[in-house]
Asker: 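One structure coming up, written as structure tokens, with questions to follow.
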Amino acid sequence: MRIVVALGGNAMSGPDGASRPQDQQVAIELAAGHIAELVAAGHDVVVTHGNGPQVGNILLKNELSAHLLAPVPLDWCGAQTQGTLGFTLVNALERGLAAHGDHRDVVALVTRTLVDPDDPAMSTPTKAIGPYASAERAARGTADGQAWRDEGERGWRRIVGSPEPQDILEGAAIAALVSSGFLVIAAGGGGIPCAPDSRGGYRGIEAVIDKDLSATLLARAIDADTLIIATDVEHAVLGWGTDDERPIGRVTTGDMRRYLDAGHFGVGSMLPKMEAVTRFVESGGRRAVVTSLANIAAAVDRDVGTVILPT
């Protein structure tokens with residue numbers, strides 16, 4: 001089958017959120033081993049990944065070095081993390097494949113995602129980025145024109161617009177690489193948000209795209225059979241945190257759409273993932289799964305995690 005695997009940004013940092021290069025390398029090696037199992041089983045795979053912790057690190061560096069260097073904008077942050085995580089994943093996947101006797105080419109593609117600069121989400125920011133900060137830091141940011149949100153005891157977070165992804169601009173190139181036998185890493189961090197400019201090309205936008213929604217577009221672009229979203233839990237649940245909490249196993253798109261409409265999933269947690277997998281199957285995908293990283297090889301044809309199937 002042709003499969004898109006979406007890794008969370010936290011899958012590429014230490015279990016406690018540690019972000020030293022060696023911590024990220026260990027986590028990436030682990031993820032690459034599971035992905036290599038899929039490829040060794042004969043599947044065509046495209047990997048996409050989050051970049052939240054890594055972008056947060058760049059933003060913190062921006063702040064600490066602002067007296068010496070001009071801060072880089074968010075679209076540049078996205079491009080930088082695509083490059084760093086991409087080359088690290090390429091190296092790890094090559095090693096993972098070699099362990100199975102597979103020496104196919106692996107490539108990471110800098111990928112842009114089309115957004116509408118007039119999307120209402122741009123004027124009503126909701127996506128948290130960067131580390132938690134003090135009220136004083138948030139006040140300084142607000143004075144500089146940034147939006148910040150009080151998140152209680154943990155502190156304040158900067159928030160930015162998260163427009164709806166409309167298209168993967170490198171989709172045709174990614175599909176061609178997959179058809180030629182490459183293992184492809186693409187659309188990291190949801191893709192670099194871009195909008196058409198007046199000269200017939202595109203320009204970067206200061207925004208953050210939800211990588212799970214972009215994964216749906218990526219899966220469509222390569223005509224994937226299956227979309228697997230790897231997260232830090234084995235499955236989604238209904239009634240999370242209540243006495244009626246229960247896991248969601250195999251479910252149809254019709255039932256999942258009813259759960260979504262009823263508000264069963266938190267905006268900052270499972271909602272984007274469940275919306276993404278439901279959209280994928282509704283648009284013709286054969287199967288979508290939300291599960292833990294360790295389960296992704298089994299998720300192709302077994303009932304592990306939360307499995308979404310056509311109604």
Side-chain angles (χ1 to χ4, degrees), residues 1-51 53-54 81-111 173-189 211-212 215 218-219 222 224-235 286-305 307:
M1 288 191 286
R2 186 167 286 189
I3 301 166
V4 169
V5 176
L7 302 173
N10 290 324
M12 288 168 288
S13 56
D16 58 352
S19 59
R20 297 176 304 170
Q22 55 266 44
D23 297 316
Q24 295 186 59
Q25 183 67 58
V26 169
I28 287 170
E29 291 282 346
L30 177 63
H34 293 300
I35 294 167
E37 288 183 53
L38 281 178
V39 179
H43 303 296
D44 292 328
V45 176
V46 172
V47 180
T48 188
H49 59 82
N51 64 350
Q54 292 77 21
T81 57
Q82 280 192 11
T84 301
L85 293 172
F87 108 88
T88 309
L89 276 164
V90 166
N91 290 342
L93 285 166
E94 286 176 340
R95 288 188 287 268
L97 291 172
H100 293 276
D102 190 320
H103 300 282
R104 77 183 61 204
D105 291 318
V106 186
V107 63
L109 190 66
V110 173
T111 312
I174 297 165
L177 287 166
V178 175
S179 296
S180 297
F182 286 83
L183 170 53
V184 184
I185 302 153
K211 61 94 179 166
D212 296 313
L218 179 62
I222 68 163
D225 303 289
T226 300
L227 169 61
I228 301 173
I229 295 182
T231 185
D232 54 359
V233 294
E234 187 172 341
H235 43 62
R286 172 180 170 183
R287 178 187 182 94
V289 185
V290 176
T291 192
S292 62
L293 180 62
N295 281 335
I296 61 174
V300 173
D301 52 18
R302 288 164 44 195
D303 283 348
V304 298
V307 181

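Worth knowing before you read on, the calculation uses all heavy atoms, side chains too, and leaves out hydrogens, waters and symmetry mates.
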Asker: Give a yes or no on whether the backbone of Ala219 and the side-chain of Arg2 come within a donor-acceptor separation of less than 3.5 Å.
Answerer: no
Asker: If you look at every heavy atom in Ala224 and Val4, which pair is closest and at what distance?
Answerer: CB-CG2, 4.2 Å
Asker: Report the distance from atom NE2 of His49 to atom CG of Leu89, rounding to the nearest 0.5 Å.
Answerer: 6.0 Å
Asker: What distance do Leu30 atom CG and Leu293 atom CG have between them, rounded to the nearest 0.5 Å?
Answerer: 5.5 Å
Asker: Do Leu93 and Ile185 come within less than 4.5 Å of each other through their side chains, counting heavy atoms only?
Answerer: yes
Asker: Val47 versus Ile35: any side-chain heavy-atom pair under 4.5 Å?
Answerer: yes
Asker: Can you name the nearest heavy-atom pair linking Ala215 to Ala6, along with the distance?
Answerer: CB-CB, 4.1 Å
Asker: Assess whether side chain to side chain contact (heavy atoms under 4.5 Å, CB included) is satisfied between Ile28 and Leu85, documenting all intermediate values.
Answerer: CA-CA 9 Å; Ile28 287 170; Leu85 293 172; 4.0 Å; yes
Asker: Any side-chain to backbone donor/acceptor pair from His43 onto Met1? Under 3.5 Å, distance only.
Answerer: yes
Asker: Can you tell if the side chain of His100 reaches within under 4.5 Å of the side chain of Glu37, non-hydrogen atoms only?
Answerer: yes
Asker: A side-chain contact here means heavy atoms from C-beta on lying under 4.5 Å apart; do Asp225 and Val300 qualify?
Answerer: no
Asker: Side-chain contact, heavy-atom cut-off 4.5 Å: Val26 with Glu29?
Answerer: no
Asker: Determine, step by step, whether Leu38 and Val5 satisfy the side chain to side chain contact (heavy atoms under 4.5 Å, CB included) criterion, reporting the C-alpha distance in whole Å, the side-chain angles of both residues, the deciding distance to 0.1 Å, and the verdict.
Answerer: CA-CA 10 Å; Leu38 281 178; Val5 176; 3.7 Å; yes
Asker: When you measure from the side chain of Thr48 to the backbone N and O of Ala186, does any donor-acceptor pair fall under 3.5 Å?
Answerer: yes
Asker: Is the side chain of Gln82 donor-acceptor paired with the backbone N or O of Gly188 at a distance under 3.5 Å, no angle test?
Answerer: yes
Asker: Is the side chain of Thr226 donor-acceptor paired with the backbone N or O of Ile3 at a distance under 3.5 Å, no angle test?
Answerer: no
Asker: With a 4.5 Å cut-off on side-chain heavy atoms, are Val107 and Leu177 touching?
Answerer: yes
Asker: When you compare the side chain of Val290 with that of His235, does any pair of heavy atoms fall below 4.5 Å?
Answerer: no
Asker: What distance separates Ile174 CD1 from Ser179 OG, expressed to the nearest 0.5 Å?
Answerer: 12.0 Å
Asker: Please report the shortest heavy-atom distance between Leu7 and Ala230, naming the atom on each side.
Answerer: CD2-CB, 4.1 Å
Asker: Say whether, by atom type as modelled, one donor and one acceptor occur between the side chain of Thr111 and the main chain of Leu109 under 3.5 angstrom.
Answerer: yes
Asker: Determine the minimum heavy-atom distance between Ala299 and Arg287, stating which atoms define it.
Answerer: O-NE, 3.1 Å
Asker: Which pair of heavy atoms, one from Ile296 and one from Ile228, lies closest together, and at what distance?
Answerer: O-CD1, 3.6 Å
Asker: Search all heavy atoms of His103 against all heavy atoms of Ala98 and return the closest pair with its distance.
Answerer: CE1-CB, 3.9 Å
Asker: Would you find more than 12 non-hydrogen atoms of other residues, nucleotides or ligands less than 6.0 Å from Arg286 atom CZ?
Answerer: no
Asker: If you define the side chain from C-beta out and look only at heavy atoms, does anything of Ile229 sit under 4.5 Å from Lys211?
Answerer: yes
Asker: Between Gln24 and Gln54, is a side chain to side chain contact (heavy atoms under 4.5 Å, CB included) present by the stated rule, with each step listed?
Answerer: CA-CA 10 Å; Gln24 295 186 59; Gln54 292 77 21; 3.1 Å; yes
